S.K.: 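Let me give you the structure first, and then I'll get to my questions.
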Amino acid sequence: MDRDRILLTPGPLTTTLRTKLAMLHDWGSWDGDFNAVTASVRRRLLEIVHGQDSHVVVPLQGSGTFSVEAAVATVVPRDGHVLVLDNGAYCKRAAKLTQLMGRRCSVLAFDEDAPVSPAALEARLQADRSITHVVLIHCETGAGVLNPLEEVAAACERQGRGLIVDAMSSFAALPIDARRVRFDALVAASGKCLEGVPGMGFVFLRRAILDGCAGHSQSLAMDLHDQHVYMEKTGQWRFTPPTHVVVALSEAIAQFEEEGGQPARLARYQDNCRTLVDGLQALGLRPFLKPVHQAPIIVTFHAPEHPAYEFKRFYAAAKQRGFMLYPGKLTTLETFRVGCIGAIGRLEMQQAVDAVGAALRELGIPAAPQ
Ligand SMILES: *Cc1c(COP(=O)(O)O)cnc(C)c1O
């Protein structure tokens with residue numbers, strides 16, 4: 001096969017050759033040329049959420065979770081009280097890291113097959129005045145549910161509490177407008193819907209809360225306030241930047257802009273998602289979520305109810321045909337997941353459907369159209 005395997009995963013994901021080629025040079029982290037790339041990436045990231053007037057964006061080395069952890073540590077005072085809206089695995093991770101950083105943490109639990117409820121949130125905020133901040137996962141990548149960002153932000157604003165959004169798997173694909181949606185921090189990363197390579201996250205911080213964040217973080221390396229102050233002063237990252245990741249992201253953002261920005265990216269992912277769901281349903285595979293709750297990012301399917309099914313063998317058979325699937329992340333049901341994101345379109349999704357069909361046949365599982 002003359003192309004890399006297609007990653008049908010929620011990051012790392014398939015990138016274009018152009019993005020990969022951007023990584024063929026060495027850059028000095030203190031050098032003006034590299035600082036100009038960082039500045040341009042930050043400017044274009046802010047434009048994507050229309051946050052030029054209201055927010056700053058602070059990049060941070062590491063995987064996406066590093067930036068979620070840094071956002072909580074930077075924004076929430078040490079005696080703050082965080083309420084995590086929990087409808088899946090990434091919400092549980094956010095609650096765990098909040099606790100580990102010594103912040104008081106409460107959880108408002110919801111089912112993992114539906115969005116969190118803004119009304120239940122508002123009632124909880126009214127009942128418990130000690131809650132200072134709310135954490136929302138915009139697209140819960142665990143099952144693939146889209147959560148109601150605008151309504152949650154409105155409830156937090158009415159109740160005068162801070163909001164931290166993990167928009168890791170939605171940013172650049174789903175619309176997020178900082179002029180209309182009030183958040184204190186919103187977190188995303190290079191290797192998701194912007195179709196860069198993994199290695200850095202970035203956090204949008206509301207200017208109005210920025211100065212008040214000084215000294216909150218108990219971590220040196222993860223202090224976004226410090227990172228921001230240093231970057232504003234010097235144009236440089238505080239500690240060694242992931243230079244190749246940054247230049248690849250810059251090239252990925254250029255392609256994002258050429259494609260038509262967020263609306264075009266969403267349209268392509270929606271088309272990918274439809275092609276995938278229609279194709280796998282025709283093979284007899286059932287999506288876990290109702291279509292209204294499904295974000296066009298990653299789709300959870302019930303595993304085939306057949307004695308010959310085993311995820312590991314299914315995965316290997318699809319991989320051999322050039323497609324990398326993703327295990328399920330639900331606690332009680334046997335499922336698998338297929339991502340719709342990355343530098344892929346309808347053709348690749350149709351090929352993925354064919355590969356899944358062939359993999360099932362190889363396992364001896366007959367197609368059972370619904
Ligand atoms: C991918 C993702 C993260 C970050 O995961 P990492 O493995 O640390 O990159 C966080 N939250 C959500 C919702 C995600 O989809």
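Below, each value reflects all heavy atoms present in this structure, side chains not excepted, and no hydrogens, waters or symmetry copies. One-based numbering, in listed order, for ligands and for the atoms of each. None of these values were measured; they are calculated from a predicted model.
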S.K.: Is the positively charged end of Lys319 above the ring of Phe314, judged by distance under 6.0 angstrom from the centroid and angle within 45° of the axis?
M.R.: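 Judged by the rule, Lys319 and Phe314 form no cation-pi pair.
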
S.K.: Val152 pairs by side chain to side chain contact (heavy atoms under 4.5 Å, CB included) with which of Leu121, Val165, Asn147?
M.R.: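 By the side chain to side chain contact (heavy atoms under 4.5 Å, CB included) criterion, Val152 pairs with just one of Leu121, Val165, Asn147: Leu121.
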
S.K.: Give me the nearest non-hydrogen protein atom to atom 9 (O) of ligand 1 as residue plus atom name, then the distance to 0.1 Å.
M.R.: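 Sorting protein heavy atoms by distance from atom 9 (O) of ligand 1 puts Gly64 N, 3.1 Å first.
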
S.K.: For ligand 1, does Cys139 get within less than 4.0 Å through its side chain, its backbone, both, or neither, judged by non-hydrogen atoms?
M.R.: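 Within the 4.0 Å criterion, Cys139 contacts ligand 1 through backbone atoms alone.
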
S.K.: Please answer whether the main-chain N or O of Thr74 pairs with a side-chain N or O of His216 as donor and acceptor at a distance below 3.5 Å.
M.R.: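 Checking the backbone N and O of Thr74 against the side chain of His216, a donor-acceptor pair under 3.5 Å is found.
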
S.K.: Find all atoms of ligand 1 within a distance of less than 4.0 Å from any non-hydrogen atom belonging to Ser169, and give their numbers and elements.
M.R.: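 Ligand 1 atoms under the 4.0 Å threshold to Ser169: 15 (O).
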
S.K.: If only side-chain N and O atoms count, and only distance matters, is there a donor-acceptor pair under 3.5 Å linking Thr19 with Gln255?
M.R.: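 Distance-only check passes for Gln255 and Thr19.
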
S.K.: Among all protein heavy atoms, pick the one closest to atom 2 (C) of ligand 1 and tell me residue, atom and distance.
M.R.: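 Here the nearest protein heavy atom works out to Lys192 NZ, 2.6 Å.
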
S.K.: Which residue and atom name correspond to the protein heavy atom nearest atom 13 (C) of ligand 1, and how close is it?
M.R.: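 Ranked first by proximity to atom 13 (C) of ligand 1 is Thr141 OG1, 3.2 Å.
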
S.K.: Could you list the atoms of ligand 1 found under 4.0 angstrom from a heavy atom of Ile137?
M.R.: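 This gives 13 (C) as the contact atoms.
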
S.K.: When you check the side-chain N and O atoms of Thr132 and Arg104, is any donor under 3.5 Å from an acceptor?
M.R.: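 Result is no, nothing qualifies.
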
S.K.: Assess the residue pair Phe171 and Phe204 against the criterion (ring-ring contact (aromatic ring centres under 6.0 Å, His included)); give the C-alpha distance rounded to whole Å, side-chain angles, the decisive distance to 0.1 Å, and a yes or no.
M.R.: CA-CA 11 Å; Phe171 175 80; Phe204 299 94; 5.5 Å; yes

S.K.: Can you tell me which residue and heavy atom of the protein come closest to atom 12 (C) of ligand 1, and the distance to 0.1 Å?
M.R.: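 Ranking protein heavy atoms by distance from atom 12 (C) of ligand 1, first comes Tyr90 CD2, 3.3 Å.
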
S.K.: Identify the protein heavy atom lying closest to atom 10 (C) of ligand 1, giving its residue, its atom name and the separation to 0.1 Å.
M.R.: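 Among all protein heavy atoms, the one nearest atom 10 (C) of ligand 1 is Asp166 OD2, 3.4 Å.
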
S.K.: Side-chain contact, heavy-atom cut-off 4.5 Å: Val49 with Gln262?
M.R.: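 Val49 vs Gln262: side chains apart.
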
S.K.: Is the closest heavy-atom distance from Glu140 to ligand 1 below 4.0 Å?
M.R.: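 Per 4.0 Å heavy-atom rule, Glu140 does not contact ligand 1.
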
S.K.: Would you mind listing which atoms of ligand 1 come within a distance below 4.0 Å of any non-hydrogen atom of Thr65?
M.R.: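 So the atoms of ligand 1 that pass are 4 (C), 5 (O), 6 (P), 8 (O).
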
S.K.: Ring centroid separation for Tyr326 and Tyr315, is it under 6.0 angstrom?
M.R.: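 They do not qualify: ring centres at least 6.0 Å apart.
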
S.K.: I'd like the name of whichever of Met168, Glu69, Arg93, His138 reaches closest to atom 5 (O) of ligand 1 through any heavy atom.
M.R.: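 Looking at heavy atoms only, Arg93 sits closest to atom 5 (O) of ligand 1.
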
